[in-house]
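Order of listing sets the numbers, starting from 1, for every ligand and every atom in it.
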Amino acid sequence: MLKNRIKTALKFYFITDDHAPNLSPLDQIRIALSAGATIVQYRHKSFAIDDYHLAATIGDLCRQNKVPFLINDHVLLAKALGADGVHLGQGDASPGLARQILGTAAIIGLSVSNRKELQQSSLADCDYIGTGPAFATRTKSDAKPVRGPTGLARIAEVSPLPMVAIGGITADTAASCFQAGADGVAVISFITRAADPLQNALAFGKACGCHPRDMILNGH
Ligand code: TZP
Ligand code: MG
């Protein structure tokens, strides 16, 4: 995908929470999309084949609302679902293999937490990098040390690819990530574990300069 289109898509990057106490992934996505999310990642760390239909339903919902739909880690699941792409960690399939499997049009993102990882990664097959944690997070138990806006800026300055910041980002801290050079901000718990998820999603969207959308639900 063209660099500018990726940058626009990264703005309000919603990631599903497989441990949210009160909201199913589908409900989370309905809320995020209605608040203006520009891209959705289905993240399920213990994905099992029984979750396939849910993932397919989420994919349909994103497609109907013209929002790119990515899968975390699982390249073959992305292929089977006809998803728009994948987000890969440093320990997942290589971006090159993902590109081979998913094709030239796929969006491929890679987690990069510091300059050294950036230098050592093969970025040729990537469309964007995900950098963090920007702030302390309780959502990822094995998260790397917190980068803060200064750490984000150190990577944004030298990254040849668009960058989305991730980790502990809220409606109040999103602006500091954009100021540090991020093209977008990724969010989980600020929305999925909120007392009022829709209110937080709307506040987050506003901080990203995104507008609420009239959702197409078509039975979902
Ligand atoms: N990668 C780095 S931090 C993180 C991931 C998946 C978790 C982000 O979740 P939250 O709840 O927005 O801090
Ligand atoms: Mg991963």
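Across Arg5, Lys3, Arg99, Lys7, a single residue satisfies salt bridge (Lys or Arg N to Asp or Glu O under 4.0 Å) together with Asp127, and that is Arg99.
For Asp92, the N, O or S atom with the smallest separation from the Mg ion (ligand 2) is OD2. Nearest to the Mg ion (ligand 2), among the N, O or S atoms that Asp73 has, is OD1.
Inclusion of Arg138 in the set of residues having an N or O under 3.5 Å from an N or O of ligand 1 is not warranted. At least one N or O atom of Gly168 sits closer than 3.5 Å to an N or O atom of ligand 1. For ligand 1, the polar-atom distance check finds no N/O of Ala136 at less than 3.5 Å from any of the ligand's N/O atoms. Backbone and side-chain nitrogen or oxygen atoms of Lys140 are examined, and none is located within less than 3.5 angstrom of a nitrogen or oxygen of ligand 1.
At most 12 heavy atoms of other shown residues, nucleotides or ligands fall within 6.0 angstrom of atom NZ in Lys66. Taking a 6.0 Å sphere around CG of Asp27, one finds it holds more than 12 heavy atoms contributed by other residues, nucleotides or ligands.
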From CA spacing to verdict: side-chain contact (heavy atoms from CB on, under 4.5 Å), Ile71, His44: CA-CA 9 Å; Ile71 301 289; His44 196 326; over 6 Å; no
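In Thr139, the part holding a heavy atom less than 4.0 Å from any atom of ligand 1 is the side chain. The proximity of Ser189 to ligand 1, defined as any non-hydrogen pair under 4.0 Å, involves the side chain as well as the backbone.
Looking only at heavy atoms of the protein, atom 3 (S) of ligand 1 is closest to Gly167 CA, 3.7 Å. The protein atom (non-hydrogen) at minimum distance from atom 12 (O) of ligand 1 is Ile188 N, 3.0 Å.
For atom 13 (O) of ligand 1, the nearest non-hydrogen atom from the set Thr137, Val185, Ile15 comes from Thr137.
Between the side chains of Thr173 and Ser176, no donor-acceptor pair is found at a separation under 3.5 Å. His87 and Ser111 share a side-chain donor-acceptor pair at under 3.5 Å.
Salt-bridge formation is not detected for the pair Asp84/Arg63: no Lys NZ or Arg NE/NH1/NH2 atom is positioned less than 4.0 Å from an Asp or Glu carboxylate oxygen.
At least one heavy atom of Arg43 sits closer than 4.0 Å to an atom of ligand 1.
Under the 4.5 Å side-chain criterion, counting only non-hydrogen atoms from C-beta, Phe190 is not in contact with Ile169.
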